Amino acid sequence: MKTLRDRIIDKRIIDWLNILVLLGSLAIIASLSYDILTVGRYRPDSRMTLGIQLVVCSIFILDFAVRWAISTRKGRFVLNNIILLLFSIPYLNIVQYTQADIPHELHYLLGFVPLLRGGYGLVMITRWFTRRSATSLMVSYLSILVAVTYFTSLIFFVAERGVNTGVTTYWDSLWWACMDMTTVGSDIVAVTPVGKILSVFLAAAGMMMLPIFTVYITDRVVNSRSRAAGKRAPEPAAQDTSTPDVS
């Protein structure tokens with residue numbers, strides 16, 4: 001059984017790990033964005049990308065190992081977080097070191113694995129910054145909404161640029177993603193199979209995720225009215241306990 005001092009130390013360690021995971025997640029996203037916005041494609045085998053992924057994946061593995069060591073139920077922790085551990089492995093660095101011969105498509109997909117871990121890390125960090133359950137839920141969904149919109153716009157830009165006359169810059173792709181997420185639609189129509197799939201995916205994601213804001217606002221209004229009603233509630237009248245006059 002851990003003492004209060006041990007729990008305080010564990011909490012401080014977790015807080016520092018959360019900061020490292022946040023920085024690592026942002027580094028992965030920045031690396032992907034730099035390649036796409038400057039070169040026009042993702043380069044998972046570039047020296048810069050491999051170096052960043054090695055450092056970030058090391059942070060993710062350190063985060064997993066420390067949390068496992070702190071956990072009082074280590075077996076359950078591993079079962080609940082095994083997917084995160086698999087997402088934290090620097091597969092491309094291992095492939096480069098071992099000189100393994102793998103298909104180009106698999107090599108390209110493996111470059112996005114740390115990005116999945118980074119996206120999940122951002123969601124977990126947003127929940128770390130919030131305390132109230134309803135607020136935590138709203139912030140988590142908002143983070144997912146923004147992340148999905150941004151990543152989809154990058155993929156749409158790579159797929160449609162040079163093929164779709166409506167997509168000349170990244171900002172066209174971002175405008176398309178925002179409009180599709182809100183289910184309003186835009187004047188940019190996808191022409192590639194990847195773009196069409198993303199259009200359906202974004203519209204479906206918007207219909208499923210945007211109602212969360214309605215739930216959150218309703219919860220805040222109901223709680224605010226409940227607190228206000230509690231403050232205005234009259235105090236019960238004091239009972240007369242005096243002895244009646246029987247004379």
Side-chain angles (χ1 to χ4, degrees), residues 21-22 25-26 28-30 32-33 35-37 40-42 80-81 83-84 86-87 105 108-109 111-226:
V21 170
L22 174 61
S25 302
L26 293 177
I28 288 289
I29 295 172
L32 171 71
S33 303
D35 278 348
I36 292 180
L37 296 180
R41 61 184 179 85
Y42 181 43
N80 293 337
N81 297 275
I83 296 180
L84 294 182
L86 295 177
F87 284 168
E105 293 77 9
Y108 191 76
L109 290 176
F112 288 94
V113 172
L115 182 64
L116 298 176
R117 177 62 171 85
Y120 184 84
L122 289 179
V123 175
M124 297 304 296
I125 294 302
T126 56
R127 300 193 65 176
W128 173 55
F129 281 117
T130 57
R131 294 294 181 265
R132 189 167 174 270
S133 58
T135 303
S136 176
L137 178 64
M138 194 279 294
V139 173
S140 298
Y141 272 89
L142 179 62
S143 302
I144 296 174
L145 189 68
V146 173
V148 168
T149 303
Y150 178 66
F151 294 143
T152 305
S153 68
L154 290 177
I155 299 173
F156 187 83
F157 177 64
V158 173
E160 297 282 328
R161 192 184 66 160
V163 179
N164 193 333
T165 57
V167 181
T168 57
T169 66
Y170 168 71
W171 302 110
D172 297 327
S173 178
L174 183 61
W175 167 258
W176 164 86
C178 293
M179 291 299 98
D180 262 38
M181 175 61 75
T182 58
T183 67
V184 175
S186 67
D187 55 348
I188 300 176
V189 181
V191 297
T192 64
V194 173
K196 293 177 181 179
I197 293 174
L198 292 178
S199 298
V200 176
F201 170 75
L202 268 184
M207 288 187 293
M208 290 186 294
M209 299 175 68
L210 289 178
I212 295 295
F213 295 101
T214 304
V215 175
Y216 173 72
I217 294 174
T218 303
D219 177 80
R220 294 300 299 268
V221 171
V222 170
N223 286 335
S224 177
R225 289 183 176 180
S226 298

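Source: prediction; values computed, not measured.
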- Under a 4.5 Å cut-off applied to non-hydrogen side-chain atoms, are V158 and I155 in contact? no
Find the distance between [atom1] ([X]) and [atom2] ([Y]) and round it off to the nearest 0.5 Å.
| X | Y | atom1 | atom2 | value |
| --- | --- | --- | --- | --- |
| R161 | D172 | CZ | CG | 12.0 Å |
| M207 | T182 | CE | OG1 | 12.0 Å |
| L202 | T149 | CG | OG1 | 6.0 Å |

- Qualifying residues under ring-ring contact (aromatic ring centres under 6.0 Å, His included), relative to F156, sequence neighbours excluded: W176
- Note on the structure: Closest non-hydrogen atoms of T152 and V148, given as atom of the first, atom of the second and distance, are OG1-O, 2.5 Å
- Measure across A190 and G195 and return the closest heavy-atom pair with its distance rounded to 0.1 Å. CB-C, 3.3 Å
I'd like to check the side chain to side chain contact (heavy atoms under 4.5 Å, CB included) partners of [X]; sequence neighbours left out, ordered by chain and number.
| X | value |
| --- | --- |
| Y150 | I29, S33, S153, L154, Y170 |
| I83 | F87 |
| A159 | T192, V194 |

- Message: Once salt bridge (charged side-chain N to carboxylate O under 4.0 Å, His left out) is applied, do any residues pair with D35, and if so which ones, sequence neighbours excluded?
- Response: R43
- Query: What residues, two or more places apart in sequence or in another chain, satisfy side-chain hydrogen bond (donor to acceptor under 3.5 Å, both in side chains) together with S173?
  - Reply: none
- Message: Strictly distance-based, threshold 3.5 Å: is any side-chain N or O of N164 a donor or acceptor partner for the main-chain N or O of V189?
- Response: yes
- Task: Could you tell me whether the side chain of E160 and the main chain of V191 form a donor-acceptor pair under 3.5 Å?
- Result: yes
